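Comments concern the structure below.
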Protein chains: 2
Amino acid sequence: MYRIGELAKRCEVTADTVRFYEKSGLLSTPVRSDSGYRLYSQADEAKVKFIRRAKNSGFTLQEIGELLSIRVEPKHHTCEEVKRIADEKIIELEQRIAELKRFQKSLKSLSERCCGGDESAVNCSILDALESQ
Amino acid sequence: MYRIGELAKRCEVTADTVRFYEKSGLLSTPVRSDSGYRLYSQADEAKVKFIRRAKNSGFTLQEIGELLSIRVEPKHHTCEEVKRIADEKIIELEQRIAELKRFQKSLKSLSERCCGGDESAVNCSILDALESQ
DNA sequence: CTTGACGTTGGAGCATACTTCAAGGTTTAT
DNA sequence: ATAAACCTTGAAGTATGCTCCAACGTCAAG
């Protein structure tokens with residue numbers, strides 16, 4: 001068990017962020033030392049890292065909370081529910097990935113058509129690249 | 001040329017959002033009718049749609065402004081700059097796509113392992129699915 | 001035994017991206 | 001000609017996700 005600063009360091013967030021996640025209900029109220037310090041372990045580390053990865057993938061904290069609740073109270077969720085939530089998110093991600101790829105394709109076509117030299121970029125418009133798709 | 005409501009409708013945003021984009025410098029100050037109404041055309045529509053798509057792909061308005069500035073003042077950007085910005089964003093997108101795919105893979109493995117029935121979800125934790133990767 | 005790093009709380013503040021409002025003027029349909 | 005729908009402005013308000021602060025307690029090192 002280690003304190004909040006250590007957890008924060010391991011997860012590359014600030015202690016404030018950890019406390020904020022707790023307040024937001026994403027992390028359950030932690031064990032406390034005799035002096036009142038929050039104490040954390042591997043499981044908490046995994047959770048915070050999960051939150052960060054999910055956030056990075058574009059999920060809101062609310063959505064992440066939904067996903068995490070599956071674990072916090074697994075007895076209150078049926079497998080049917082879990083599968084439904086997961087399948088919904090899989091489709092959502094599919095769409096987001098497709099959109100990102102489309103966007104990337106536009107940028108690639110822009111980059112390829114752009115001479116890359118030091119002349120003026122009158123012919124290198126990202127909108128034109130997108131419009132020509 | 002049509003008014004802000006029409007533009008908003010075409011781009012599936014509110015008129016307020018359009019005015020907000022203008023105030024934020026993403027849209028240049030539009031032509032006005034005699035009575036002072038903003039007037040827009042195809043080009044503006046393309047721009048707003050671009051902003052929306054880019055936002056959806058996870059770019060901030062500031063980043064989008066950067067991308068759009070390439071067009072607004074193409075004479076002030078060299079092809080070198082344009083190529084650099086585009087290539088940077090391509091790499092960023094590559095990473096984001098990879099992260100989303102990783103996330104999706106976790107959800108798929110969860111969904112596959114989950115029986116999907118109406119029993120309690122004690123064995124269907126998303127964190128476990130992620131940890132087992 | 002004190003200095004410095006770390007922890008506690010509640011509450012305020014901040015950046016982003018809108019959204020709503022008040023109080024008016026304009027346009028369009030009947 | 002009048003009602004409904006649309007537009008104008010500036011300014012305030014909202015939701016999300018932190019971030020910082022004050023004023024204090026804890027603890028390890030020298």
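For the numbers below, each heavy atom of this structure counts, side chains included, while hydrogens, waters and symmetry mates do not. Residue numbers start from 1 in every chain, and the chains themselves are labelled A, B, ... in the order their sequence lines are given, proteins ahead of strands. This one's a predicted model, so the numbers in the text were calculated from it and none came from an experiment.
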Just to confirm, is there a sub-4.0 Å distance from OP1 or OP2 of [N] to any side-chain nitrogen or oxygen of [X]?
| X | N | value |
| --- | --- | --- |
| Y21(B) | dA17(C) | no |
| R38(A) | dG7(C) | no |
| S24(B) | dA17(C) | no |

Residues touching DNA chain C, which here means a heavy atom under 4.0 Å, drawn from residues 3-18 of chain B = R3(B), D16(B), T17(B)

Would you call [X]-[Y] a salt bridge at under 4.0 Å N-O?
| X | Y | result |
| --- | --- | --- |
| K108(A) | E112(A) | no |
| K83(A) | E80(A) | no |
| R53(A) | E99(B) | yes |
| D44(A) | K47(A) | no |

Without decimals, in angstroms, what is the distance between [X] [atom1] and [N] [atom2]?
| X | N | atom1 | atom2 | value |
| --- | --- | --- | --- | --- |
| Y37(B) | dG24(C) | OH | C1' | 11 Å |
| N56(B) | dC18(C) | CG | P | 11 Å |
| F20(B) | dC21(C) | CZ | C1' | 17 Å |
| R32(A) | dG7(C) | CZ | C1' | 10 Å |
| E63(B) | dA15(C) | CD | C1' | 14 Å |
| D34(B) | dG25(C) | CG | P | 18 Å |
| E66(B) | dT16(C) | CD | P | 13 Å |

On DNA chain C, more 5' by nearest nucleotide between S35(B) and F59(B) is F59(B)

5'-most by nearest nucleotide on DNA chain C - K23(A) or K55(B) = K23(A)

Side-chain contact test, heavy atoms from C-beta onward, threshold under 4.5 Å: evaluate it for L26(B) versus E22(B) and give yes or no.
-> no

Indicate yes or no: at least one non-hydrogen side-chain atom of L27(A) is less than 4.5 angstrom from one of I51(A).
-> yes

Just wondering, more than 12 heavy atoms not from E6(B) lying within 6.0 Å of its CD?
-> yes

If you check every side-chain atom of Q62(B), which of dT9(C), dT16(C), dC18(C) has the closest atom?
-> dT16(C)

Applying salt bridge (Lys or Arg N to Asp or Glu O under 4.0 Å), name anything that partners R84(A), two or more places apart in sequence or on another chain.
-> E88(A)

Could you tell me whether R32(A) sits above the aromatic face of Y40(A), with NZ or CZ closer than 6.0 angstrom to the six-membered ring centre and within 45 degrees of the axis?
-> no

Walking along DNA chain D from 5' to 3', note the first and the last nucleotide with an atom under 4.0 Å from a heavy atom of chain B, and give both.
-> dC6(D) to dT9(D)

